[in-house]
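Let me begin by presenting the structure, written as structure tokens, before commenting on it.
All ligand and atom numbering here is 1-based and tracks the order in the structure. Bear in mind the structure is a predicted one, so any value in this text is a computation, not a measurement.
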Amino acid sequence: MLIDKNSLPKVDMDFMNETHFEDVDFINKLYENIEEFEKDNSITNFESIKHSYKNWLDHTVQHFATEEEEMEKRGFFAYPFHKAEHDANIEDMRDVWSSFEASKNISELKHYIEYDVVNWLINHIKSMDTVTARFFKTGVMGGCGMM
Ligand SMILES: [Fe+2]
Ligand SMILES: [Fe+2]
């Protein structure tokens with residue numbers, strides 16, 4: 001297991017926390033497949049990575065779309081900044097996949113998941129998602145000084 005759900009920062013909206021938990025499940029599954037591929041780089045293990053990467057990507061697209069829909073609906077002023085972070089992340093995920101598909105460089109992929117993805121997710125939840133969820137809940141921007 002790469003990420004422990006209990007270590008994930010929580011925000012003020014349950015629908016967002018639930019999505020983040022699901023996200024962690026997809027990332028942990030992918031990480032498991034990466035470790036299997038490290039031991040045995042068979043086609044079957046490659047296909048498993050491909051499958052779990054696609055599931056994670058699809059879920060992420062949905063995760064971001066749901067947050068963005070809600071921000072638009074409620075007229076959240078920081079929407080363009082939040083959406084820009086989402087868009088850049090999806091682009092990275094797609095680029096990393098294309099690169100891995102071509103190179104089959106598992107240590108590069110593993111490093112991306114272990115460091116970039118984990119850091120991105122935690123930082124994004126602590127910053128953008130926290131402020132956005134507070135706005136959804138209270139209608140105002142709250143500080144996140146306790147984090
Ligand atoms: Fe989120
Ligand atoms: Fe977000």
Side-chain angles (χ1 to χ4, degrees), residues 1-38 45-103 105-147:
M1 184 175 68
L2 179 65
I3 310 170
D4 176 3
K5 279 182 189 173
N6 297 315
S7 70
L8 216 58
K10 304 280 188 311
V11 300
D12 284 342
M13 297 303 283
D14 283 340
F15 84 88
M16 290 168 75
N17 291 325
E18 279 157 25
T19 307
H20 297 152
F21 278 162
E22 289 165 9
D23 207 41
V24 164
D25 287 334
F26 284 109
I27 294 168
N28 282 337
K29 178 69 200 162
L30 172 62
Y31 193 69
E32 208 181 289
N33 293 143
I34 288 172
E35 288 187 312
E36 280 158 16
F37 186 87
E38 272 185 319
N45 285 344
F46 172 79
E47 288 301 324
S48 302
I49 293 182
K50 188 177 180 173
H51 183 72
S52 48
Y53 201 99
K54 189 187 183 310
N55 285 343
W56 171 49
L57 180 60
D58 289 349
H59 179 267
T60 302
V61 167
Q62 197 49 54
H63 160 197
F64 293 167
T66 308
E67 287 181 8
E68 286 161 18
E69 235 168 70
E70 202 63 25
M71 284 189 267
E72 272 193 300
K73 209 159 65 189
R74 301 191 195 215
F76 183 50
F77 76 91
Y79 167 75
F81 302 102
H82 194 155
K83 183 175 169 23
E85 276 199 14
H86 287 169
D87 290 349
N89 187 246
I90 295 281
E91 210 180 301
D92 268 4
M93 285 170 76
R94 293 204 166 111
D95 287 350
V96 168
W97 178 258
S98 307
S99 155
F100 175 69
E101 202 162 34
S103 70
N105 186 331
I106 195 65
S107 47
E108 231 171 66
L109 181 65
K110 194 180 186 190
H111 187 270
Y112 170 69
I113 304 295
E114 276 176 336
Y115 296 99
D116 305 61
V117 169
V118 172
N119 288 335
W120 188 91
L121 184 66
I122 291 182
N123 289 334
H124 182 83
I125 295 174
K126 275 188 179 169
S127 55
M128 283 294 178
D129 282 358
T130 295
V131 173
T132 304
R134 190 139 312 157
F135 175 83
F136 288 166
K137 194 180 178 189
T138 64
V140 291
M141 293 287 292
C144 44
M146 79 289 289
M147 308 223 55

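At a cut-off of 2.8 Å, H63 coordinates the Fe ion (ligand 1) through an N, O or S atom. Between the Fe ion (ligand 2) and E85 there is no N/O/S contact shorter than 2.8 Å.
When only modelled atom types and interatomic distance are considered, E47 and H51 share no side-chain donor-acceptor pair under 3.5 Å.
Formation of a donor-acceptor pair under 3.5 Å by the N28 side chain with backbone atoms of I3 is found in this model. Listed for the H59 side chain is no donor-acceptor partner under 3.5 Å among the backbone atoms of N55. Under the 3.5 Å distance criterion, the side-chain polar atoms of S127 are matched with a main-chain donor or acceptor of N123.
Looking at D129, its N, O or S atom nearest to the Fe ion (ligand 1) turns out to be OD2. Within H82, NE2 is the N, O or S atom that lies nearest to the Fe ion (ligand 2). Nearest N/O/S atom of H124 relative to the Fe ion (ligand 2): this is NE2.
Between H86 atom NE2 and E67 atom OE1, the angle centred on the Fe ion (ligand 2) amounts to 90° (nearest 10°).
Contact of the D92 side chain with the W120 side chain is not registered, since no non-hydrogen atoms from C-beta on lie closer than 4.5 Å.
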